[in-house]
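Lettering of chains follows the sequences in order, A, B, ..., and the numbering in each one begins at 1.
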Number of protein chains: 2
Amino acid sequence: MHRGKTADFTKPTEHVEGMRARKRRQTRERIVNAAVQLFSAKGFDTVTVDEIAATADVSKRSFFDYFPTKEDVIFAWQDDFGKVLAAAIAARPARESPVRTVEEALTACLATAANPASLAVDRLIRSTPALRERDYVKYARLEQTLAESLMVREKSARGKLRAQLLAAIVIAGMRLGNEQWYREGKTDSSNTKEFTKRMFRLVWNELYEIGDAGRRRHEASR
Amino acid sequence: MHRGKTADFTKPTEHVEGMRARKRRQTRERIVNAAVQLFSAKGFDTVTVDEIAATADVSKRSFFDYFPTKEDVIFAWQDDFGKVLAAAIAARPARESPVRTVEEALTACLATAANPASLAVDRLIRSTPALRERDYVKYARLEQTLAESLMVREKSARGKLRAQLLAAIVIAGMRLGNEQWYREGKTDSSNTKEFTKRMFRLVWNELYEIGDAGRRRHEASR
DNA sequence: TGCATATCTGCACTCATTGCAAGATTATAT
DNA sequence: ATATAATCTTGCAATGAGTGCAGATATGCA
């Protein structure tokens, strides 16, 4: 819960993380915890921001200083993942195959990311229309980020379109994989890597077959 | 205020479309028109529901009887498209290849659908964050609908997953195609069919290549 | 014509979200 | 350590979306 260095007083003004930043992070966590707990207990819609704020011991006004909307409490981590993924893509060698780039980068991110989406949060999202919609938006944004990261490497219009399509596919795969993951009741991040690999293999195979079937149709009708 | 046909009394009870249904449709259109016009002129956020209602000459309360949210005025047609698509899928021969099923059905729907998404509405969506998000949701729902329509034909878990992936890909292709379409400034629905066909061919080819590249990687690393 | 049903409207209320300015807290320079 | 600047919190008031309710109004039908 608290990672605060208890020996701070020996080094009064270490700029690693001032008291300000620490308190802010703590408050933030307090709000998230309060919200998740209340939502899980009473349902998203019946919990008011006032209630969350009160439970987290901040003013309602401050709540909105931490999170732009009530829903964002649940999806706070999402922005980070997008940035991490973009960075991971950018870190790959410039002229690597897009397919390889995206697989390596995403695999690395998924292995690293301490997925805060616990089973409880997942259930919450699934059972709340408003949150489910937000979840779609989350994936859409992620796809957008990924697509842009991949497109900067492409100069042709065709290449850019391929990048967009690839991004869409991979994010869809991630979404489906995620559903699968929770459906199988896996909560530990032990074998994330193995699971991810299997998922990629499966997706690539399906793509191949789908694409093959599709192009054959067009060749025939030509 | 009233657009009632004054000659109605000649045929008192024709059941084609009672006055009730007609008025409702007219009112609905009046609201949509008022909304689109106001949004385009002043921006989505600065227009209030009160304003729309006043312009369309209905009470604010009635507005919410026609549309569940302010945003839905813009996406009203979306539900229909989903239903039409689902029906088109269901109408295809039961044991046809999923790839063919989806291509035929979607092509037919796109050709038919009198796309109410005019250039103005499109611009509106693109320039309004709230609407852009709703747009994502629209596609997500469409994907869901399509996936379900395809899944009922599959019995194996593998087949169901393939259906979901296929749905995701096709809807992504549709989204990208739509962007392309407007980017090219095409507003007439003259060559929709040709455009759709080209898009499908492109997507299938890309899929094949992506899938091929991906599976090769996995075979190699095995 | 007269009842049953579907619509429309005004009213009051809840709640998310925002702007503002005063008050409290932390960081920094002297 | 103290003054000062930069930040953080909060209370207050206001806007606007969305909802439940009950009383008109209008329409469909016998």
*Mind checking what makes side chain to side chain contact (heavy atoms under 4.5 Å, CB included) contact with A:Ala147, not counting sequence neighbours?*
A:Met151, A:Gln164, A:Ala167
*Residues within residues 132-139 of chain A bordering DNA chain D, heavy-atom distance below 4.0 Å*: none
*asked:* Ignoring hydrogens and geometry beyond distance, is the side chain of A:Arg20 in donor-acceptor contact with the base of C:dT25 at under 3.5 Å?
replied: yes
_Interatomic distance where CZ belongs to A:Arg22 and P belongs to C:dT25 [whole Å]_ = 16 Å
*Name the orientation class of the two ring planes belonging to A:Phe63 and A:Phe67 (parallel below 30°, tilted from 30 to 60°, perpendicular beyond 60°).*
tilted
*asked:* Side chains of A:Asp72 and A:Thr69 only: does a donor on one sit below 3.5 Å from an acceptor on the other?
replied: yes
*asked:* Using a strict threshold of under 4.0 Å (side-chain N to carboxylate O), is an ion pair present between B:Glu71 and B:Arg134?
replied: yes
_Is it true that, when you exclude B:Gln37 itself, more than 12 heavy atoms of the residues, nucleotides or ligands shown sit nearer than 6.0 Å to its CD?_
no
All N/O contacts under 3.5 Å from nucleotides 18-22 of chain C to the protein, with atom names and distances to one decimal?
unit_1: C:dG19; atom_1: N7; unit_2: A:Arg61; atom_2: NH2; d: 2.9
unit_1: C:dG19; atom_1: O6; unit_2: A:Arg61; atom_2: NE; d: 2.5

*Which whole-number value in Å describes the distance from A:Arg24 CZ to D:dT7 C1'?*
9 Å
*Nearest whole angstrom, please: distance from the P of C:dT7 to the NZ of B:Lys23.*
11 Å
*asked:* Could you check whether A:Asp122 pairs with A:Arg126 (Lys NZ or Arg NE/NH1/NH2 to Asp/Glu carboxylate O, under 4.0 Å)?
replied: yes
_My understanding is that only residues two or more places apart in sequence, or in another chain, count here; which of them pass side chain to side chain contact (heavy atoms under 4.5 Å, CB included) with A:Phe64?_
A:Val49, A:Lys60, A:Arg61
*Determine: side-chain N/O of B:Ser59 to OP1/OP2 of C:dT9, distance under 4.0 Å, yes or no.*
yes
*Gap between atoms CG and P, on A:Asp65 and D:dC12 respectively (whole Å)*: 18 Å
*asked:* I need the residues from residues 42-55 of chain B with at least one non-hydrogen atom less than 4.0 Å from DNA chain D; give them sorted by number, or say none.
replied: B:Val47, B:Thr48, B:Val49
*Nucleotide-level pairing of DNA chain C, given in dot-bracket where Watson-Crick and G-U pairs need both distances under 3.5 Å and | marks other strands*: ||||||||||||||||||||||||||||||
*Parallel, tilted or perpendicular: which fits the ring planes of B:Trp181 and B:Phe195, with parallel below 30° and perpendicular above 60°?*
perpendicular
_Lys/Arg-Asp/Glu bridge criterion (N-O < 4.0 Å) met for B:Glu154, B:Lys160_ = no
_Between B:Lys197 and B:Glu103, does any side-chain N to carboxylate O distance fall below 4.0 Å?_
no
_Interatomic spacing from CG in A:Leu106 to OG1 in A:Thr101 - rounded to 0.5 Å_ = 12.0 Å
*Report the distance from atom CZ of A:Arg132 to atom OG1 of A:Thr128, rounding to the nearest 0.5 Å.*
8.0 Å
*Phosphate contact (D:dT9 OP1 or OP2) by A:Tyr66 side-chain N/O below 4.0 Å*: yes
_Interatomic distance, A:Arg28 CZ vs D:dT7 P [rounded to whole Å]_ = 18 Å
*A:Met19 has an atom CE; how far is it from atom P of D:dC8, in whole Å?*
14 Å
*Whole angstrom value for the distance that separates C1' of D:dC12 from CZ of A:Phe63*: 19 Å
_Check this for me, if you would: do A:Arg175 and B:Glu143 make a salt bridge, where the nitrogen-to-carboxylate-oxygen distance has to be below 4.0 angstrom?_
yes
*asked:* Nearest 0.5 angstrom please: A:Lys138 NZ to A:Glu133 CD, how far?
replied: 14.0 Å
*How many Å lie between CD on A:Gln26 and C1' on C:dT26, as a whole number?*
15 Å
